[in-house]
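To keep things clear, I will list the structure first and then write my remarks on it.
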Amino acid sequence: MKQYIVGLGEALWDMLPQGAQLGGAPANFAYHAGQFGQDAIAVSALGNDILGDETLRQLDGKRLDYIMPRVGYPTGTVGVELNDDGIPTYDIKNNVAWDNIPFTPEMQDVAANARAVCFGTLAQRDAISRGTIHSFLDATPESCLKIFDINLRGNFYTKEIIRDSLRRCNVLKINDEELVIIGRMFDYPGLDMENKCWLILGKYDLDMLVLTCGTNGSYVFAPGTKSFKETPNVKVADTVGAGDSFTGSFTAAILAGMSIAEAHSLAVDVSAYVCTQKGAMPTLPAELVSRVQG
């Protein structure tokens with residue numbers, strides 16, 4: 001039986017200025033983890049429409065496994081606009097297929113054999129998909145890395161969803177802007193960025209907390225450990241999917257037995273490379289992939 005790295009949640013199309021690109025954090029995460037030889041799979045739902053058909057065709061082309069039942073709602077789309085620095089803003093459509101992911105026996109089997117699963121807040125905006133995400137997490141082994149990539153978008157999150165997700169995960173991935181929002185939401189006054197991270201790590205008994213700060217570097221906190229890496233200076237094509245590539249490569253490296261510092265260094269280099277490419281799922285250079293063994 002395969003042991004999976006799972007991206008769980010929204011499957012959607014980013015309607016970029018240069019055209020439509022298959023996206024969604026779960027598929028991006030799984031795709032990048034899979035480039036390092038892991039058995040990766042994306043779990044979501046699609047509509048009975050042309051975009052649903054094209055999603056499966058592209059995932060097949062990228063050799064990414066998936067469980068994406070077809071449901072009676074349209075395949076998700078997101079309008080994406082990029083500023084002069086390549087930073088995206090999003091117009092996320094409501095009441096779409098990934099809001100209505102059913103928990104199937106096939107999903108339960110994958111959950112029972114999951115080494116890692118990454119989920120966020122966006123796919124929890126509807127009770128149906130939120131229930132499926134909870135059922136999936138509950139079905140994973142005790143040893144599974146349950147990565148909450150908080151990924152706050154628009155107003156599609158609540159304090160209750162965030163708190164519940166923090167209690168269900170053992171790894172938190174968050175960026176500096178999201179950390180400010182969480183600090184206000186949970187009333188952590190007077191704490192600097194690092195102390196907020198240490199507080200959250202301890203309060204929710206996390207194994208790791210990953211904090212990305214854009215051009216200002218990134219951190220990984222774990223009990224008794226702190227890793228900091230500078231962000232490489234690269235020519236940015238766009239930043240879509242860069243965070244997901246960071247999380248996917250970091251997860252693959254940790255599961256391959258690399259140290260936190262080694263995994264962190266790889267994740268920084270992978271996400272920097274993805275920023276130089278158009279779209280969220282470029283093929284990684286062999287010199288990056290070869291850094292993960294096992």
Side-chain angles (χ1 to χ4, degrees), residues 2-7 14 16 21-42 58-66 85-88 115-118 145 147 149 151 171 173-175 208-222 225-294:
K2 291 182 178 180
Q3 291 188 301
Y4 290 101
I5 296 181
V6 184
D14 291 316
L16 295 160
Q21 294 270 3
L22 180 60
N28 295 341
F29 165 83
Y31 172 72
H32 287 292
Q35 291 197 78
F36 294 95
Q38 302 286 346
D39 290 321
I41 189 166
Q58 290 209 15
L59 293 179
D60 287 338
K62 293 181 179 296
R63 298 182 180 179
L64 177 60
D65 285 343
Y66 52 81
D85 297 321
I87 308 300
R115 299 183 72 200
V117 55
C118 186
L145 285 180
I147 304 145
D149 187 351
N151 203 19
V171 179
K173 162 84 181 314
I174 191 168
N175 67 34
M208 286 179 280
L209 187 154
V210 180
L211 172 68
T212 58
C213 304
T215 58
N216 295 317
S218 57
Y219 300 79
V220 181
F221 300 91
T225 301
K226 183 182 86 171
S227 173
F228 172 76
K229 303 293 181 186
E230 298 278 358
T231 300
N233 185 16
V234 297
K235 184 177 180 181
V236 174
D238 69 54
T239 62
V240 178
D244 304 322
S245 72
F246 184 113
T247 314
S249 54
F250 181 82
T251 301
I254 290 292
L255 291 177
M258 294 173 71
S259 69
I260 284 176
E262 291 168 335
H264 187 189
S265 180
L266 174 69
V268 166
D269 291 343
V270 167
S271 60
Y273 174 79
V274 171
C275 283
T276 69
Q277 306 297 302
K278 292 286 188 181
M281 298 186 188
T283 300
L284 297 177
E287 58 265 27
L288 287 174
V289 175
S290 65
R291 285 163 60 180
V292 174
Q293 303 296 325

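Excluded from the calculations below are hydrogen atoms, water molecules and symmetry mates; all remaining heavy atoms, backbone and side chain alike, are included.
The two atoms that bring Ala242 and Ser271 nearest to each other are O-CB, 3.4 Å, heavy atoms only. Between Leu266 and Ala253, the shortest heavy-atom distance links the atoms CD2-CB, 4.0 Å. The minimum heavy-atom distance between Phe29 and Thr251, with the atom names listed, is CE1-OG1, 3.6 Å. Listed here is the closest heavy atom pair of Ile260 and Ala222: CD1-CB, 3.7 Å. What you find for Ala25 and Asn151 is that their closest heavy atoms are CB-ND2, 3.8 Å. Nearest approach of Ala267 to Phe246, heavy atoms of both residues: CB-O, 3.4 Å.
Met208 CE to Leu145 CG: the interatomic distance, rounded to the nearest 0.5 Å, is 5.5 Å. Atom CD of Glu230 and atom SG of Cys213 lie 11.0 Å apart (nearest 0.5 Å). Note that the CG atom of Leu64 and the CD1 atom of Ile41 stand 8.0 Å from one another [nearest 0.5 Å]. Atoms CD and NZ, on Gln21 and Lys278 in that order, are 9.5 Å from each other to the nearest 0.5 Å. The CG atom of Asn175 sits 5.0 Å away from atom OG1 of Thr212, with the distance rounded to the nearest 0.5 Å. In this structure, Ser249 OG and Asp269 CG are separated by 9.0 Å, a value rounded to the nearest 0.5 Å.
By the 4.5 Å heavy-atom criterion applied to side chains, Lys2 and Asp65 are counted as neighbours. Thr231 places none of its side-chain heavy atoms less than 4.5 Å from the side chain of Asn216. Asp60 is listed as a side-chain neighbour of Tyr66, based on a closest heavy-atom distance under 4.5 Å. Taking 4.5 Å as the limit, some side-chain heavy atom of Leu22 sits within range of a side-chain heavy atom of Leu59. Leu284 places a side-chain heavy atom less than 4.5 Å from the side chain of Phe36. Residues Met281 and Asn28 are in side-chain contact: their nearest non-hydrogen atoms beyond the backbone lie under 4.5 Å apart.
Classified by interplanar angle (parallel below 30°, tilted 30° to 60°, perpendicular above 60°), the ring pair His264/Phe250 is perpendicular.
Although no hydrogens or angles enter the test, the distance criterion places a donor-acceptor pair under 3.5 Å between the side chain of Thr276 and the main chain of Tyr273. With hydrogens and angles disregarded, a donor-acceptor distance shorter than 3.5 Å links the side chain of His32 to the backbone of Ala280.
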Item to complete: Assess whether side chain to side chain contact (heavy atoms under 4.5 Å, CB included) is satisfied between Val270 and Gln35, documenting all intermediate values.
Response: CA-CA 11 Å; Val270 167; Gln35 291 197 78; over 6 Å; no
Discussion item. Would Asp244 and Asp149 count as a side chain to side chain contact (heavy atoms under 4.5 Å, CB included) here? Give the steps.
Written reply: CA-CA 9 Å; Asp244 304 322; Asp149 187 351; 3.9 Å; yes
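Every side-chain hydrogen bond (donor to acceptor under 3.5 Å, both in side chains) that Thr247 has, sequence neighbours left out, goes to Lys173.
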